[in-house]
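Heads up, the thing below is written out as structure tokens.
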Amino acid sequence: MIIFIIFKKKFLYIIFIKHNYVILFTMNIINNIIIKTIPLLPKKVVKLIADNYVAGIKPQDVLDKTRFLNNKDYEVTIDLLGEHTSDKNTVNKITETYLNLLKSVKEQDLIANISVKPTHIGLDIDLNTFSTNAEKLVLYALKNDNFIRFDMENSSTTDNTINIIKELNKKYENMGTVFQAYLKRTYSDLSYFLNDKTNFRLCKGIYNESPGVAYKEYIDINKNYLKIVELAFKRNSYICFATHDLFLIDEIYKLIDKYNVSKNKFEFQVLYGVPMKGWLQKHLKNNYKVRVYLPYGPEWYEYSIRRLKENPNIAKHVAKSIFSNRKY
Ligand code: FDA
């Protein structure tokens with residue numbers, strides 16, 4: 001049997017030739033096979049995969065990993081894995097866990113803030129529960145010189161998340177949310193939202209949104225991303241570039257030069273475990289701040305499976321990460 005592997009225009013083609021039969025797999029088919037087989041794999045095997053992306057299960061696991069990254073000059077944002085929690089007691093316990101994490105970060109002299117998903121602390125229950133828990137975290141963070149980042153989830157949550165953040169922002173500055181460059185509404189949202197006190201993370205967006213609300217093509221998403229970066233620079237906002245796209249990062253470097261942006265008005269952010277081909281060290285050499293998004297928690301299994309089902313394209317990143325070295 002002869003096997004050809006061709007990587008062309010972001011697609012991986014695997015061709016098997018045997019006894020005059022030609023079988024062609026594209027990465028899409030492979031993605032689907034991976035997604036169907038992952039739930040059948042023993043949990044131990046999935047753990048091996050998840051270990052590339054997740055700091056551990058217990059709070060001390062993530063605190064230890066944070067110290068390791070801090071010692072290498074990276075700052076951290078800690079995320080307790082989980083989302084879409086509809087039980088009020090659980091939601092309150094999760095909020096407590098975050099408060100304890102903030103306490104430990106302070107006590108252990110670590111450099112880490114918190115990233116939290118709105119539906120993990122009450123948005124699926126009602127606006128009031130989310131807003132109350134969000135304020136609890138922001139207030140406690142304020143007393144401990146820390147910061148809370150509210151992740152952005154799928155587009156059904158965008159309005160509610162932005163509205164609550166806007167309200168809280170009237171009282172507190174040690175908090176911010178995330179905007180997704182793939183959403184067609186984002187540029188206009190930010191035109192109203194951004195000022196010199198705003199602190200926001202810009203990512204492409206991870207959920208599988210419809211073409212009605214989201215750009216689907218790589219080139220359109222990147223164009224929007226860079227348009228938003230320019231808007232942030234013009235408004236003198238604090239922007240966190242959350243991307244692993246090296247082309248995009250190169251363009252961001254050019255815009256930083258073009259607008260002569262001060263180093264204290266931006267930072268680069270990456271997900272723990274994603275290989276960056278030396279770019280993290282390059283950022284540090286330039287004295288640019290780098291923050292690693294570090295997820296942990298007992299829900300690592302459910303989280304990995306759900307993410308894969310939501311967006312099958314992640315499968316190829318998982319596969320890739322097993323074969324590449326992480327360099328911190
Ligand atoms: P793109 O998908 O084009 O990937 C660029 C390159 O990076 C590719 O070549 C790929 O190989 C590599 N790569 C990307 N992701 C990888 C992975 N997981 N493993 C291995 N390689 C990978 N989304 C959201 O909707 N709401 C949010 O709040 C956040 N928060 C967030 C925080 C931080 C710090 C980051 C880095 C990302 C997010 N995201 C997010 C996820 C984001 O929206 C997006 O889905 C991923 O970052 C992938 O998009 P890239 O910008 O990296 O580009």
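Order of listing sets the numbers, starting from 1, for every ligand and every atom in it. Model, not experiment: these values are computed from the prediction.
In this structure, of P295, P118, A242, G205, the residue bringing a heavy atom nearest to atom 44 (C) of ligand 1 is G205. One option in I206, T177, L183 has a heavy atom closer to atom 45 (O) of ligand 1 than any other, and that option is I206. For atom 30 (N) of ligand 1, the nearest non-hydrogen atom from the set R291, E267, K277, R201 comes from R201. Scanning E153, K204, H244 for the heavy atom closest to atom 7 (O) of ligand 1 points to H244.
Residue T243 has at least one nitrogen or oxygen atom sitting less than 3.5 Å from a nitrogen or oxygen atom of ligand 1, judged on distance alone. On a distance-only criterion, Q180 and ligand 1 share at least one N/O pair closer than 3.5 Å.
With respect to N113, the side chain to side chain contact (heavy atoms under 4.5 Å, CB included) criterion is satisfied by exactly one of M175, E75, R291: R291.
Ring orientation note: the planes of F266 and Y288 are nearly perpendicular, at an angle over 60° on the 30°/60° scale. In this structure, F241 and F268 have tilted ring planes: the angle between them lies in the 30° to 60° band. The aromatic rings of F233 and Y259 are tilted relative to each other, their planes meeting at an angle between 30° and 60°.
Contacts with ligand 1 closer than 4.0 Å are made by backbone heavy atoms (N, CA, C, O) of V270 only, the side chain lying farther away.
With sequence neighbours excluded, no residue forms a side-chain hydrogen bond (donor to acceptor under 3.5 Å, both in side chains) with S237.
Within ligand 1, counting atoms from 1 as listed, the ones closer than 4.0 Å to a heavy atom of Y53 are 17 (C), 18 (N), 19 (N), 20 (C). The D151 neighbourhood of ligand 1 comprises atoms 28 (O), with distances under 4.0 Å to a heavy atom of that residue. In summary, the atoms of ligand 1 found under 4.0 Å from a heavy atom of V178, numbered by their order in the structure, are 27 (C), 28 (O). Near Q269, meaning under 4.0 Å from one of its heavy atoms, ligand 1 places the atoms 34 (C), 36 (C). Within the listing of ligand 1, atoms 25 (O) sit less than 4.0 angstrom from a heavy atom of Y207.
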Going through the checks in order, is the ring pair (Phe, Tyr, Trp, His ring centres under 6.0 Å) test met by Y207 and Y182?
CA-CA 10 Å; Y207 301 91; Y182 68 5; 7.6 Å; no
Any chance you could lay out the salt bridge (Lys or Arg N to Asp or Glu O under 4.0 Å) test for R185 and D159, step after step, and finish with the verdict?
CA-CA 11 Å; R185 58 178 284 174; D159 275 331; 2.8 Å; yes
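Looking only at distances, a side-chain donor or acceptor of N174 sits under 3.5 Å from a matching main-chain atom of V138.
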